[in-house]
Each structure stands twice: as structure tokens, then as C-alpha cells.
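Let me begin by presenting the structure, written as C-alpha cells, before commenting on it.
Note that these values count all heavy atoms, side chains included, but never hydrogens, waters or copies made by symmetry. The first residue of the sequence shown is numbered 1, and numbering continues consecutively from there. A quick note: this is a predicted structure, and the numbers were derived from the prediction, not measured.
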Amino acid sequence: MRASRLLSILTTLQAKGHVTAQALADECEVSLRTIYRDVDALSAAGIPIYSERGSSGGYRLLDGYRVRLNGLSSTEAEALFLAGLTRQAADMGLGPAAVSARKKLLAALPENMRPGAIRARFHLDAPAWFAEGETLAHLPLVADAVWNERPIRMRYQRREAEKQRRVEPLGIVLKGGVWYLVAQAGGSTRTYRISRIRELDVLDDRFEYPKAFDLEAYWTESTRRYEAGLHPNQAEIRLSPWAIKVMDEFLPPYVRTGAVVSKEADEQGWRRVTLSVGSVAHAAMEILRFGADAEVVGPPELRAKMAEVVGSLAKVYAGDRK
């Protein structure tokens with residue numbers, strides 16, 4: 001425990017530069033007296049820590065001193081290995097850096113966890129099922145612009161047409177195997193699918209990164225709005241026992257999470273389900289996944305659409321395409 005605490009003190013000083021004894025005590029969850037003893041022990045071991053007195057005093061490491069990485073425990077190194085997106089790092093142009101980092105982490109592992117052991121027990125396959133690999137020729141440039149706070153000019157393929165854009169890149173998101181760029185454009189924050197960038201130039205000037213921007217918070221709220229926008233309506237359907245079992249597989253996560261399933265089944269064992277849906281046409285396509293194990297109760301226009309689609313399919317399979 002003490003060895004871990006001493007390393008924690010060193011890494012905290014290295015990361016923050018100046019830290020008070022009280023802050024160290026709070027972070028390590030020990031008393032001030034314990035911190036004083038630990039700092040004395042580190043100094044006696046030759047670690048160049050010096051103290052600053054006064055109301056704004058605290059501890060610092062000698063300028064230029066760095067803590068070696070091999071203080072990691074094997075469990076910590078394993079956790080970092082599992083968090084490593086090797087192929088995704090290569091997509092961003094960080095392949096050599098990722099390889100170098102893995103080599104350094106290996107030095108912290110015990111012999112039984114050395115080369116091949118973790119790779120043999122854990123494999124990360126980030127892309128979604130049945131998804132083809134995207135063309136990501138511009139991803140390294142986008143990443144470079146994000147790190148260095150440089151605006152970019154790009155030709156972007158929207159569904160209806162290509163558009164020229166000058167944007168200030170704020171962050172990159174990987175979701176379900178798809179890469180997205182979050183950027184400021186025209187006074188608002190927008191999301192772009194990186195594979196749809198046709199041409200890109202990183203500009204020489206710099207922009208001021210907004211201090212209040214939180215990428216994770218933006219993405220969470222943006223995803224919520226997007227999913228809600230795709231499913232603004234409500235529908236009531238009946239599902240067979242089999243359909244109830246496969247709801248998790250057939251319905252999108254947003255719809256599945258908000259679905260309300262009746263507690264009691266009818267005489268046939270079917271249950272009523274209220275769920276969020278999109279347009280009438282889109283809702284009909286989603287519900288058709290259940291085949292004859294689903295019946296639309298309402299709204300009337302969706303029920304009529306289902307009858308129309310099923311009628312057309314009946315004609316097709318009966319050999320009458322007129």
C-alpha cells in the first residue's frame with residue numbers, strides 16, 4: 001500500500017507541478033502526518049522534491065525530473081492494454097506511437113503476461129456486425145488538426161449534394177466502427193462523418209478551443225436528440241411470445257429502451273407493446289421484421305400502411321406483380 005501511495009505522490013507532482021500537502025492527503029486518503037513522512041522518505045531515497053512555504057506553498061519536483069513508467073502494477077498495465085485500440089490508433093496515424101506504448105507497458109508485466117498472453121485472451125473488434133470498412137484517408141489529417149487546434153477546409157458529401165466547409169475541429173468520436181468529427185461551423189457545433197470527406201486541407205492559422213466545451217457531454221446529448229428525432233411518433237402493437245423474446249435483436253436500442261410492454265398477456269399469449277417509431281413507412285419496415293408475429297393496433301394510418309405493404313407482398317409471391 002505504501003509503495004503504491006509513494007508512486008501516486010510522484011505521478012501527481014509530475015502531472016500537476018505544484019501540489020499542497022493537504023491535496024496529496026485528500027487524494028491518497030491519508031493524514032497530513034503520513035504525507036509528511038512519505039515526502040521525507042522520497043527525499044531520503046534521492047527523489048528531488050522540494051517544498052515551498054507560505055499560504056500558497058506546497059511540494060514540487062525539480063524541473064526536468066520525470067517518473068519512469070515501470071512503476072505500473074501488472075493489473076494497471078493489463079487495464080491499459082485492454083483499453084488500447086491498436087487498429088484505430090493506426091487509422092489516426094498513431095500506429096508507431098501505439099506500438100511503442102505497448103512495448104513500454106510490456107516491461108511492467110510479470111513474465112506470465114508477457115508477449116502474446118493478453119492478445120491471446122482479449123480481442124477488440126470495434127466495427128458493428130455486417131459493416132464494411134470505411135475509407136479513412138483523411139482521418140490522420142483530421143486528428144492532427146484536432147490536436148493542434150487548426151481549422152480545416154473540406155469538401156463534404158451530404159446526401160443531397162457536396163458542400164464546401166471551413167470548420168474548427170473540436171474532437172473525434174468512434175461509434176460502432178464509424179468515425180465522426182465534431183466541429184464548430186457557422187457559430188454552431190456540428191457532427192460530420194469522416195468517411196464522407198472528399199477533400200481536406202489543414203489551414204495554417206489556429207483557433208481558440210472553447211474552454212467550456214465538453215466532447216462527451218455534447219456527444220451524449222447529440223445522440224439523444226438524433227435518436228429522438230428519428231422516432232418522434234408512438235405506435236401500439238401486439239407481439240407473440242417469440243417476438244417478445246427477440247425484441248432486443250429486432251428493435252434499435254433507443255426504441256427498445258423506451259418500449260412499454262403490458263404485464264398481462266391475452267388468451268393467445270400475446271402482449272401489447274407501446275413504442276417510439278419514425279415515419280409511417282419507416283415504422284412499417286421495422287415492424288415487418290417480426291413477420292406474422294406482430295400486429296399493429298394503432299395508429300390507423302400505420303395499420304393501413306402495414307395492410308398495403310403485406311398486400312403488395314402477397315401479390316408478388318403469388319406471381320401477380322401488377
Determine, step by step, whether T191 and Y226 satisfy the side-chain hydrogen bond (donor to acceptor under 3.5 Å, both in side chains) criterion, reporting the C-alpha distance in whole Å, the side-chain angles of both residues, the deciding distance to 0.1 Å, and the verdict. CA-CA 11 Å; T191 302; Y226 176 72; over 6 Å; no
Could you check whether Q268 and R238, counting side-chain N and O atoms only, form a donor-acceptor pair closer than 3.5 Å? yes
Quick one: do R190 and S188 satisfy side-chain hydrogen bond (donor to acceptor under 3.5 Å, both in side chains)? Show the steps, please. CA-CA 6 Å; R190 303 180 183 181; S188 62; 3.1 Å; yes
Contact check, side chains of L200 and I197, non-hydrogen atoms, under 4.5 Å: yes
Any non-hydrogen side-chain atom of M154 less than 4.5 Å from a side-chain atom of D201? no
With side chains defined as the heavy atoms from C-beta onward, is the minimum distance between V19 and E27 less than 4.5 Å? no
Could you check whether E264 pairs with R271 (Lys NZ or Arg NE/NH1/NH2 to Asp/Glu carboxylate O, under 4.0 Å)? no
Do V297 and L275 sit in one hydrophobic cluster, given that two such residues count as connected whenever their side-chain heavy atoms are within less than 4.5 Å of each other, even indirectly? no
CG on L24 to CD1 on I35, rounded to 0.5 Å: 5.0 Å
Nearest atoms (heavy-atom pairs only) where L302 meets A284: CD1-N, 3.9 Å
Test of ring centre spacing under 6.0 Å for W242 and F290: no
Should we count CG of D204 as having more than 12 external heavy atoms under 6.0 Å? no
Parallel, tilted or perpendicular: which describes the rings of F213 and Y218, with under 30° parallel and over 60° perpendicular? tilted
Look at atom CZ of R206 and say whether more than 12 heavy atoms of other residues, nucleotides or ligands are closer to it than 6.0 Å. yes
Closest approach of V167 to A185 (non-hydrogen atoms, all atoms of both residues): CG1-CB, 3.7 Å
Counting heavy atoms not belonging to E216, are there more than 12 under 6.0 Å from its CD? no
Point-to-point distance, once rounded to the nearest 0.5 Å, from OH of Y50 to OH of Y59: 13.5 Å
Start with the C-alpha distance between D40 and R33, add both sets of side-chain angles, then the distance that settles salt bridge (charged side-chain N to carboxylate O under 4.0 Å, His left out), and finish with yes or no. CA-CA 11 Å; D40 287 341; R33 185 181 296 276; over 6 Å; no
List the steps and the verdict of side-chain contact (heavy atoms from CB on, under 4.5 Å) for L181 and L139. CA-CA 9 Å; L181 165 66; L139 180 56; over 6 Å; no
Hydrogens and angles aside, do R272 and T274 bring a side-chain donor and acceptor to less than 3.5 Å of each other? no
Do D293 and I244 have side-chain heavy atoms sitting under 4.5 Å apart? no
Under 3.5 Å: donor-acceptor pair, side chain of D144, backbone of P140: no
From CA spacing to verdict: side-chain contact (heavy atoms from CB on, under 4.5 Å), H282, V277: CA-CA 8 Å; H282 184 269; V277 296; over 6 Å; no
Would a distance-only check, ignoring hydrogens and angles, find a side-chain to backbone donor-acceptor pair under 3.5 Å from R303 to V296? yes
Quick one: are W179 and V173 in side-chain contact, heavy atoms under 4.5 Å? no
Return yes if some donor-acceptor pair links the side-chain N/O of R198 with the main-chain N/O of S195 below 3.5 Å, else return no. yes
Is there a side-chain contact between R60 and I49 in this structure, where contact means two heavy atoms from C-beta onward sitting under 4.5 Å apart? no
What is the distance from atom CD of E199 to atom CD1 of I152, rounded to the nearest 0.5 Å? 13.0 Å
Over all heavy atoms of both residues, which pair between E227 and H231 is shortest? Give the atoms and the distance, please. O-ND1, 3.0 Å
Can you tell if the side chain of E236 reaches within under 4.5 Å of the side chain of V273, non-hydrogen atoms only? no
Of the non-hydrogen atoms in A183 and P169, which two are nearest, and what is the gap between them? CB-CA, 3.8 Å
Can you measure from CZ (R166) to CD (Q164) and round to the nearest 0.5 angstrom? 13.0 Å
Of all the heavy-atom pairs spanning A292 and W270, show the shortest one and how long it is. O-CH2, 3.5 Å
Test log, rule side-chain contact (heavy atoms from CB on, under 4.5 Å), inputs V39 and I47: CA-CA 9 Å; V39 170; I47 305 298; over 6 Å; no
Is it the case that more than 12 heavy atoms not belonging to R289 sit under 6.0 Å from its CZ atom? yes
R153 with D205: basic N within carboxylate O range, under 4.0 Å: no
On a heavy-atom basis, which atom in L251 and which in R256 lie closest, and how many Å separate them? O-NH1, 3.2 Å
Suppose we call two aromatic rings close when their centres sit under 6.0 Å apart. Are Y192 and Y156 close by that rule? yes
So how far is it from K163 NZ to R155 CZ, rounded to the nearest 0.5 Å? 13.5 Å
F207 side chain near L170 side chain, heavy-atom distance below 4.5 Å: yes
Could you go through Y209 and E168, starting from their C-alpha distance and side-chain angles, then the distance that decides it, and tell me whether this counts as side-chain contact (heavy atoms from CB on, under 4.5 Å)? CA-CA 9 Å; Y209 196 92; E168 296 175 348; over 6 Å; no
